[in-house]
Amino acid sequence: RRNALQSLGHEVCSIDTALPFGYRIPKTDFRYWVKGVLRRTDRILDWANVHRRIKSAWSERTWDILWVDKGLSLRPDFLEGLKRLSPDTIFVNYSPDDMFNPANQTSRYLKSIKLYDLFVTTKSYNVDEFHKLGAKNAFFVGNAYEPEIHKPVQLSASEEVQFGCDVCFVGACEREREQSIRLLAKKGFKIGLF
């Protein structure tokens with residue numbers, strides 16, 4: 001999405017909300033366990049310093065659009081402060097996930113719904129759900145891809161051994177997904193899981 005906006009000639013300041021040591025925290029790292037406890041108690045630590053980094057970007061200039069992918073850790077009071085500081089900025093929230101699945105949301109996210117000017121979702125059934133929770137506007141859009149990344153590639157022989165499969169799944173484990181993948185495997189399909 002950033003690359004698409006830049007290719008259209010827009011100036012983009014990108015702030016990665018993932019932890020600096022990667023999205024997945026190894027189970028041997030204490031932060032993995034702390035993150036799990038905090039998630040279950042609906043508390044969030046801003047290890048990636050997202051609030052400070054957004055505030056820093058805002059101190060340099062005002063922006064026409066604040067585009068947030070998910071934004072599970074953004075505090076509602078922080079977003080309200082940005083809105084007061086820059087009332088003409090359009091706040092957009094985008095997600096390719098079902099944001100009404102409890103596994104994909106936080107109380108901060110739910111409390112912030114009314115603060116965004118637009119929600120963009122790849123789930124048609126989420127549009128009405130956003131409106132019911134006070135969203136000003138919600139828009140359904142189909143899934144997208146990055147043509148520089150998502151394209152056919154020629155695998156070497158060693159890559160074919162490592163990655164070759166009939167069906168590849170990339171994502172988080174959920175019971176329904178696991179059941180579907182197990183069914184395919186029982187039918188004889190070679191499955192790649194990442």
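In this structure a side-chain-to-backbone donor-acceptor pair under 3.5 Å is present from Ser156 to Glu159. Looking only at distances, a side-chain donor or acceptor of Arg53 sits under 3.5 Å from a matching main-chain atom of Asp16. Side-chain N or O atoms of Thr106 include one that pairs as donor or acceptor with a backbone N or O of Leu72 at under 3.5 Å. The main-chain N or O of Phe78 is never found under 3.5 Å from a side-chain atom of His51 such that the two would form a donor-acceptor pair.
Looking only at side-chain heavy atoms (C-beta outward), Met99 and Phe130 come within less than 4.5 Å of each other. Counting heavy atoms from C-beta on, the side chains of Ile65 and Leu5 never come closer than 4.5 Å. When side chains are defined from C-beta on, Leu133 does not count as touching Glu129, because their heavy atoms never get closer than 4.5 Å. Side-chain atoms of Leu74 and Val68, non-hydrogen and from C-beta on, do get closer than 4.5 Å to each other. Counting heavy atoms from C-beta on, the side chains of Trp67 and Val12 never come closer than 4.5 Å. You'll find the side chain of Asn126 stays beyond 4.5 Å of the side chain of Phe119, heavy atoms only. Residues Leu118 and Lys136 fail the side-chain proximity criterion, which asks for heavy atoms closer than 4.5 Å.
There is no path of hydrophobic side-chain contacts, each under 4.5 Å, that joins Ile113 to Val92. Residue Val127 is not grouped with residue Val120 when hydrophobic side chains (ILVMFWY) are merged at heavy-atom distances under 4.5 angstrom, including chains of intermediate members. Taken together through direct or relayed side-chain contacts under 4.5 Å among Ile, Leu, Val, Met, Phe, Trp and Tyr, Leu184 and Phe163 form parts of separate hydrophobic clusters. With hydrophobic clusters built from ILVMFWY side chains whose heavy atoms lie under 4.5 angstrom apart, Ile90 does not share a cluster with Leu85. Linking Ile, Leu, Val, Met, Phe, Trp and Tyr residues whenever their side-chain heavy atoms come within less than 4.5 Å leaves Leu66 and Tyr94 in two separate clusters.
Rounded to the nearest 0.5 Å, atoms SG (Cys13) and CZ (Arg61) are 9.0 Å apart. Separating the CG atom in Asp77 from the CG atom in Leu82 is a distance of 10.0 Å, to the nearest 0.5 Å. Atom CZ of residue Arg108 and atom CG of residue Leu79 lie 10.5 Å apart, to the nearest 0.5 angstrom. Atom CG of residue Asn104 and atom CG of residue Asp97 lie 4.5 Å apart, to the nearest 0.5 angstrom. Considering CD of Gln154 and CD of Glu160, their distance stands at 9.0 Å, rounded to 0.5 Å. Here the SG-CD1 distance, from Cys168 to Ile191, works out to 9.5 Å after rounding to the nearest 0.5 Å.
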Side chain to side chain donor-acceptor pair (under 3.5 Å) for Glu148 and Asn3? Distances and angles first, verdict last.
CA-CA 10 Å; Glu148 293 301 316; Asn3 293 351; over 6 Å; no

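Considering all non-hydrogen atoms of both residues, Arg177 and Ala172 come closest at NH1-O, 2.8 Å. Scanning both residues, Arg75 and Ser112, for their nearest heavy atoms gives C-OG, 4.4 Å. In this structure, Lys111 and Lys114 approach most closely via the heavy-atom pair O-NZ, 3.4 Å. Closest approach of Thr122 and Phe140 over heavy atoms only: O-CE1, 3.4 Å. In terms of heavy-atom proximity, Glu178 sits nearest to Cys173 at OE1-SG, 4.0 Å.
Residue-environment remark: OH (Tyr145) stays at or below the threshold of 12 foreign heavy atoms within 6.0 Å.
Partners of Trp63 by side-chain hydrogen bond (donor to acceptor under 3.5 Å, both in side chains), not counting sequence neighbours: none found. Residues passing the salt bridge (Lys or Arg N to Asp or Glu O under 4.0 Å) test with Asp98, sequence neighbours excluded: none.
Under the 4.0 Å criterion applied to side-chain N and carboxylate O atoms, Lys83 and Asp117 are assigned as salt-bridge partners.
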